[in-house]
Amino acid sequence: MHSIDMDLVEMTLDVMKYAIGRISNITPELGSPKKEEELLKMVGETITPEGIGGENAFKLFRDVLVKATVPIDHPRHLAFVPAAPTRAAIMFDLVTSASSIHGAYWMEGAGGIFCENQAMKWLVSLTGLPDSAFGVFTSGGTAANLSALVAARDHFRNTHPETRSKKGIIITSEGAHSSINAMAKVMDAEVHVVETEKDFFSGMDLQKALKVLNSDLRERIFAVVATGGTTNAGIIDDLKGIAEVCASEKIWMHVDCAYGGGALAAKSVRDLFNGIEKADSITIDPHKWLFSPYDCGAVIYKNLEIAKNAHSQKGAYLDIFKDEGAQGFNPADYQIQLTRRLRGMPLWFSLAMHGTKKYQWAIERGIELAKIAENKIKQNDLLELVRPAGLSVVLFKRKGWNADDYKEWTYKNHRDGFALVTPTKWKEEDVIRFCFINPDTTEDDIDQILETLK
Ligand SMILES: *Cc1c(COP(=O)(O)O)cnc(C)c1O
């Protein structure tokens, strides 16, 4: 596959030129989706017996296909949870591919896994978990949540063998991410949703959780999933209270910080996470608020042995990896994947280059932008603040608008290539949601977006 011909040289130059141009452009064109038939009409069939050539294929991507995508790092992309990978991390994502490292076992991946572990050490230090704690990088929060919950149930079944044939139960709150339900399906576990506190401003209602714990469901409950920053509103559950309940009831406490995890590095809000240091497992997505390119999640365990018991794969051809000389940390043992990309390497390089203080600054900036937006909304007569900023999320309403108005506004801003901001629901009501991640977003961007709500 490696004979050097001219097409290969051209293709390589095109790709590098594009990559450098793209990461230098902080306001890339906001593309929008087209129907598949339409795209096919524009580019034709691209997979042919003879190949269409690298230069040609790349041109189709650069001139047509990428324009049917939305650059999630655009400074006026405030929808969903945006991402804003650093240039260093993106460049190192290319290096990660170019280096062809198999990230399952130390035997083959030692130098790369060392990088990942350096970054992981910093992540773990943010949680305040004891020194024995450690983690691995996954494809994202969904895979991290699944890995953690599989470990939790495995541990539960090993310590309560009488429950092995019964369906386990996970307790979580209304604000939990959809992946908890989805992964419970994968595991064939039940999810019991506890309401949030009545005021809707805080997270899981502990009294209600205790009621469930004292019910006849008790013997099947193997984990409580708390959320460290709900995706919709940035609400952090009472982690301290939940930790106390879990400790006295001897139940696994998982904290899903896929979105909010970056804020563990932000001094201004770190107190809100108190209690997280008591967790049995934690999910953090570096591809959300730690400026890594897609995809990169992380799962951290207080007790690595439990995770290893649950996840370590056995097979005759794998035994060699457990040999002398291959001694070291084997990421495959701690999450659901065997063959894996070294997803933590871009984060490592970027952290090593910039230092952790720069990360703290960039995360604080997201929190600050949410506060700035909150104040501007409060001062605007046409708008009504629905919830003060939660981490980097702000919810508000445009007075007099209904669901259709919000939808039309979203589509118009997107069609115009101006911004992508989407509505959500809060207490059954339609509201607008801003989620800030990108430190390149400016006050002027916020003003301009609010201006479109006139
Ligand atoms: C985004 C998110 C997830 C899912 O993570 P993916 O990386 O999309 O798989 C899980 N939990 C929370 C709280 C999230 O915000």
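Note: hydrogens, waters and symmetry copies are ignored here, and every other heavy atom, side chains too, is used. In listed order, ligands and their atoms are each counted from 1.
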Show every side chain to side chain donor-acceptor pair (under 3.5 Å) that has at least one partner inside residues 115-128, sequence neighbours left out.
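Output for this query lists E116-R340.
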Output field: ring centroids F134/F329 closer than 6.0 Å
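Yes, the ring centres sit under 6.0 Å apart.
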Check: Y301 ring centre within less than 6.0 Å of Y334 ring centre
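No, they do not, as the ring centres are separated by 6.0 Å or more.
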Residue list, ring-ring contact (aromatic ring centres under 6.0 Å, His included) with F92, at least two apart or on another chain
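With sequence neighbours excluded, F92 shows a ring-ring contact (aromatic ring centres under 6.0 Å, His included) to W348, F349, given in chain and number order.
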With sequence neighbours excluded, tell me which residues meet side chain to side chain donor-acceptor pair (under 3.5 Å) with W252.
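If we apply the side chain to side chain donor-acceptor pair (under 3.5 Å) test to W252, skipping adjacent residues, the hits are S281.
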Using a 4.0 angstrom limit on heavy atoms, which residues are close to ligand 1?
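Correct list: G140, G141, T142, N145, H177, S179, T231, D256, A258, Y259, D285, H287, K288.
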Salt bridge flag under 4.0 Å for residues K371 and E364:
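Looking at K371 and E364, the cut-off is not met.
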